[in-house]
Amino acid sequence: MDILKSLGHPEEIINLFKYKIGGFRSVMPTLDYDSMSETLRTCYAYLNQTSRSFAAVIQALDGELRHAVCIFYLVLRALDTVEDDMSIPLEKKVPLLQDFHTFLYQPEWSFAESREKDRQVLEDFPTISVEFRNLGQEYRDVISDICHRMGVGMAEFLEKKVSCMKEWDKYCHYVAGLVGIGLSRLFSASQLEDAEVGRDTELANSMGLFLQKTNIIRDYLEDQQEGRAFWPQEAWSQFTARLEDFSHPQHLSSALSCLNLLVTDALRHVPDVIAYLSRLRNQSVFNFCAIPQVMAIATLSACYNNPQVFQGVVKIRKGQAVTLMMQATNMCAVQSIIAQYSQEILQKVSVTDPSREKTLFILSVIREKSLSPAVLSSRAHHISPVYVSAVMLLAALSWQYLNATAG
């Protein structure tokens with residue numbers, strides 16, 4: 001079935017075949033578990049159990065940054081598990097979220113009342129917190145600060161819906177932008193990246209917002225079926241009285257207008273994505289950051305003006321996903337990918353779409369940034385042929401990840 005979907009794309013068939021026969025496994029990083037403490041080995045086990053997207057790429061990061069990002073992920077996974085658990089009453093959940101960062105320094109703290117699937121990271125939080133305390137102070141400060149700010153933000157949105165576009169940005173900042181900011185600060189703290197990468201919170205925030213908005217746009221129907229609503233009211237109220245009406249065929253025209261408006265809003269973060277990626281110097285960090293971004297713009301291209309968003313789940317092909325993982329190894333390739341999918345969106349812009357002018361404008365800005373010689377050459381001399389080959393390890397993210405991101 002995967003090969004049939006890629007029949008019109010022979011390079012995808014080749015790459016998918018390589019992936020399916022396990023051709024990339026030999027370049028996967030091998031962690032030295034023998035040198036790890038028992039608690040750190042357990043943390044990596046939890047990482048592989050709870051992460052569909054990041055387990056492989058986190059383990060591919062260089063040096064001590066790998067452990068810092070692993071613990072950062074698990075701390076935020078524990079926090080997110082509290083936020084997601086609808087069985088916890090609000091009067092208990094709000095202080096839990098707001099105070100969660102303090103539990104990092106309480107060796108015995110754990111939470112055994114969760115019913116979520118990832119509750120093990122709460123039940124065995126002492127294992128995670130002890131490894132947090134084993135990190136260098138420069139990493140602990142970042143993780144604790146982001147955990148605090150995210151917990152406060154999550155508590156704020158527990159009982160209020162995303163109404164205006166500014167609140168959409170604010171919500172996405174709390175759940176994803178702060179992750180981008182925290183990761184950027186960890187990159188700089190490790191000295192694998194320049195200090196400016198960690199200081200420029202605006203670009204880092206855009207990295208997170210672009211990914212989060214893409215997920216929210218794509219997941220319209222799933223969220224509706226689960227009783228969740230993340231599309232901002234300011235957007236959908238221009239076209240319908242009820243957000244759920246978009247899933248009805250008679251409202252398709254209005255639904256597509258709203259969809260295209262939100263895609264256009266997400267696209268405005270792409271110039272920041274290009275600027276951010278162009279600053280990165282470490283290959284493992286570049287791969288870690290670039291892969292999700294090219295996946296996101298490919299997904300947005302698939303979603304734009306697509307009625308299927310309101311009828312099912314729009315996913316890119318597995319062969320397409322593997323090809324993107326293999327290609328996104330340097331700035332020139334990433335910008336080429338961005339230019340390709342921007343052009344695909346441009347070809348689908350209707351003359352009657354209410355957001356047409358805004359869409360055309362942001363696409364023109366993206367095209368200009370994608371073709372910028374200064375940016376294209378900014379990382380050219382940093383690309384190692386060894387890393388270009390080794391990046392294939394990113395294609396082994398996990399079948400669960402591919403199932404979540406590709407059709």
I want to check something: taking the side chain as every heavy atom from C-beta on, are [X] and [Y] in contact at a cut-off of under 4.5 Å?
X	Y	answer
I216	C172	yes
K166	D169	no
L259	Y220	no

[atom1]/[X]: more than 12 non-hydrogen atoms of other groups inside 6.0 Å:
X	atom1	result
K93	NZ	yes
Q137	CD	yes
Y105	OH	yes
E38	CD	no
Q49	CD	yes

_side-chain contact (heavy atoms from CB on, under 4.5 Å) evaluation trace for Q233 with L243_ = CA-CA 8 Å; Q233 185 175 359; L243 179 58; over 6 Å; no

Salt bridge check: are [X] and [Y] linked by an N-O gap of less than 4.0 Å?
X	Y	value
R242	D245	yes
R119	D124	no
K170	E167	no
R115	D85	no
E138	R185	no
R149	D145	yes

Using modelled atom types only, decide if a donor and an acceptor are shared between the side chain of [X] and the backbone of [Y] within a distance under 3.5 Å.
X	Y	result
S278	A275	yes
D200	L203	yes
R279	V197	no
Q238	E234	yes
E193	R281	yes
S188	G198	yes
R218	L300	no
Q335	K369	yes
S336	C332	no
T359	S355	yes

Any donor-acceptor pair under 3.5 Å linking the side-chain atoms of [Y] with those of [X]?
X	Y	answer
Y139	S190	no
D118	Y46	no
T39	E131	yes
Y174	E156	yes
D62	Q283	no
E344	S301	yes
S87	E116	no
T102	D99	no
S114	T81	no

What's the separation between atom [atom1] in [X] and atom [atom2] in [Y], rounded to the nearest 0.5 Å?
X	Y	atom1	atom2	answer
I338	L267	CD1	CG	10.5 Å
L209	Y171	CG	OH	11.5 Å
L65	N282	CG	CG	8.0 Å
M295	L324	CE	CG	5.5 Å
Y341	I337	OH	CD1	7.0 Å
N305	D353	CG	CG	6.5 Å

Kindly state whether the ring of [X] and the ring of [Y] have centres lying under 6.0 angstrom apart.
X	Y	result
W236	F246	no
F103	F125	no
H251	F310	no

_Stepwise side-chain contact (heavy atoms from CB on, under 4.5 Å) check, M150 with V175_ = CA-CA 7 Å; M150 186 176 289; V175 300; 5.8 Å; no

*Does NZ or CZ of K160 lie under 6.0 Å from the centre of the six-membered ring of F157, at an angle within 45° of the ring axis?*
yes

*Applying side-chain contact (heavy atoms from CB on, under 4.5 Å), run through Q59 and N48 and close with a yes or a no.*
CA-CA 10 Å; Q59 291 171 85; N48 284 291; 3.2 Å; yes

*Please step through side-chain contact (heavy atoms from CB on, under 4.5 Å) for the pair T214 and F210, ending with a clear verdict.*
CA-CA 6 Å; T214 297; F210 184 58; 4.3 Å; yes

